[in-house]
Amino acid sequence: MPDWHQVYEYLQPKMPVFCPEEPSLTQKVFLRTYALEALFGGAAGGGKSSALLMSALQYCDIPNYSAIIFRRTYADLALPGAIMDRFINWMAPHDDVRWNANNYTAVFPSGARISFGYLNNSQDYLRYKGAEFQFVGMDEATEIREADYRYMFSRLRRPASGPLSQVPLRMRSACNPAPNWVRQRFIVEGAEKGRIFVPSRLADNPGIDADSYRMALQALDPVERRRLEEGDWWATTLGTMFSRESVVLIDNDELPPITSVARAVRFWDLAATEPSQSNPDPDWTVGTLMLFDGGVAYVLDVKRARLRGEKVEQFIGQTAYEDGRTVAIRMEQEPGSSGKALVDQYARYVLSGFDFAGIRSTGDKITRARPFAAAIANGNVRCLRGAWLTDWLDEMSSFPESCDHDDQVDSAVGAFTHLTGLGLPQRKRIGIVI
Ligand SMILES: Nc1ncnc2c1ncn2[C@@H]1O[C@H](COP(=O)(O)OP(=O)(O)O)[C@@H](O)[C@H]1O
Ligand SMILES: [Mg+2]
């Protein structure tokens, strides 16, 4: 007969101190998670931000415990009702908790600290270079850069002995669904990598009037509503050209033997801007590796990056060496003499010795994409599973109406057009019947 009291004790998390809200069951699950990395993600109003505060507060009775909670910008952090404001309200009744508004830090009677910070510019992380925390929380993690998120692992430390050595090191995030790195990290790769995902649902939060909240969400567009109301990570705005379901996904061992007439190309669509404060979401440089054999196009790999000029050259040069000399390289050539000069430069200095040429595109993007869309609809495009696939399918299935970027579409269409001759003016086709 198990000792139920002991079982119950085991299932209970260590409860937060100085916390006015009683954790809901899902919040308790989040608090009970001692894995290094966990995400509380999903529907808005599910109590995610509160759960982050609660988990930071779990060890505030331990001397020298140090926790920090980030949002992307200072404005996000300090907004009335946002996470830091809520925390200040929570601490207000406790005279023995000292709040320092200059460095956004609360000091507890034990000497433990909870701080707040932001990671807006790409240099902001440097402020935390010498710091040590046992808890790092990221609220609205999908707004935070993945590089900053990863950097913060290096700040998770604790001494080898003493009470603090017993405190788990924790990286905790909370956010609504969005199709970006957070989804890849937790929803796609999470289970395999030991990253815990706790789904947030509106109905689980005892502190909110779910019905009136749902009413408020009705004003949103359908995709945003599915994300915020149902916590759906896969809701995307659909474009009318490519349907996600028609893309055939295959694993490495499902690739057929390659015949002697197969042709392969790495097709590049260039961009040369790094993200910056004034331009946080510039276009991508994208290179699609496609193989065409037996009437089927195989998308084998998609490389993409947002880099400045000479780094783009390195990126493309390196990829060429990895692909090998049997793979042709083509590049979309911008109109005019500067486009020609750029292609010449690549031919001479970056890709000499490779089968390389610039391709001038004709007609509008949508017309150019049609043959590739038709091939997908007919089941004649197969994609090799890889880390690139989720983002790629998101972009393809939102094209052309609702995508922020279409560089991956352009690059894939460029590769397909080159390999099949489809989409070129009639006389240039190479004997392929649609
Ligand atoms: N366990 C709880 N008990 C009472 N109120 C809660 C609880 N969890 C969250 N709340 C309240 O519910 C509201 C929404 O929670 P919040 O953490 O902001 O949700 P989310 O970050 O998921 O959108 C807030 O007013 C919060 O204070
Ligand atoms: Mg929140």
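Any value given below was found using the heavy atoms of this structure, including those in side chains, with hydrogens, waters and symmetry copies removed. First listed ligand is number 1; within each ligand, the first listed atom is number 1.
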| field | Contact partition for P206 relative to ligand 1, non-hydrogen atoms under 4.0 Å | value | side chain
| Which option out of K48, K28, E140, M54 puts a heavy atom nearest to atom 22 (O) of ligand 1? | K48
| request: Please work out which of the three classes, parallel, tilted or perpendicular, describes the rings of F108 and F18, given edges at 30° and 60°. | output: tilted
| Plane angle bin for W284 and H405 - parallel if under 30°, tilted between 30 and 60°, otherwise perpendicular | perpendicular
| Ring geometry between F292 and F416 (parallel below 30°, tilted from 30 to 60°, perpendicular above 60°) | perpendicular
| note | Nearest non-hydrogen protein atom to atom 23 (O) of ligand 1, with distance, is G45 N, 2.8 Å
| Does ligand 1 have any atom sitting under 4.0 Å from a heavy atom of G46? | yes
| Which protein heavy atom lies closest to atom 16 (P) of ligand 1, and at what distance to 0.1 Å? | R86 NH1, 3.4 Å
| query | Which residue supplies the protein heavy atom nearest to atom 13 (C) of ligand 1, what is that atom called, and how far is it? | reply | N205 ND2, 3.8 Å
| field | From F70, Y74, W99, residue fulfilling ring-ring contact (aromatic ring centres under 6.0 Å, His included) relative to Y104 | value | Y74
| field | Quiz item: cation-pi between R127 and Y118, 6.0 Å / 45° | value | yes
| Regarding N180 and T142, is there a side-chain donor-to-acceptor distance under 3.5 Å anywhere? | no
| What protein heavy atom is closest to atom 5 (N) of ligand 1, reported as residue, atom name and distance in Å? | G207 CA, 3.2 Å
| task | Please determine, by modelled atom types, if R86 and S50 share a side-chain donor-acceptor pair under 3.5 angstrom. | result | yes
| remark: Per-atom filter on ligand 1: closer than 4.0 angstrom to a heavy atom of S50 are 8 (N), 9 (C), 10 (N), 17 (O), 26 (C), 27 (O)
| task | Starting from atom 27 (O) of ligand 1, find the nearest protein heavy-atom neighbour and note its residue, name and distance. | result | E21 OE2, 2.5 Å
| request: Flag this pair as yes if the NZ/CZ of K14 is under 6.0 angstrom from the six-membered ring centre of Y59 and inside a 45 degree cone about the axis; otherwise no. | output: yes
| request: Name the orientation class of the two ring planes belonging to F116 and F87 (parallel below 30°, tilted from 30 to 60°, perpendicular beyond 60°). | output: tilted
| message | Show me which atoms of ligand 1 lie under 4.0 Å from any heavy atom of S24. | response | 1 (N)
| request: May I ask you to identify, for D139, whether its side chain, its backbone, both or neither come under 4.0 Å of ligand 1 on a heavy-atom basis? | output: neither
| request: Take F267 and M290 through the test side chain to side chain contact (heavy atoms under 4.5 Å, CB included) and record every step on the way to the result. | output: CA-CA 8 Å; F267 195 99; M290 194 182 282; over 6 Å; no
| query | For atom 8 (N) of ligand 1, which protein heavy atom lies nearest, and how many Å away is it? | reply | Q27 NE2, 3.0 Å
| query | Does ligand 1 have a heavy atom under 4.0 Å from the side chain of E22, from its backbone, from both, or from neither? | reply | backbone
| said: Please determine whether N176 has a backbone or side-chain N, O or S atom lying under 2.8 Å from the Mg ion (ligand 2). | reply: no
| query | Which residue owns the protein heavy atom closest to atom 19 (O) of ligand 1, what's the atom, and how far is it? | reply | G47 N, 3.1 Å
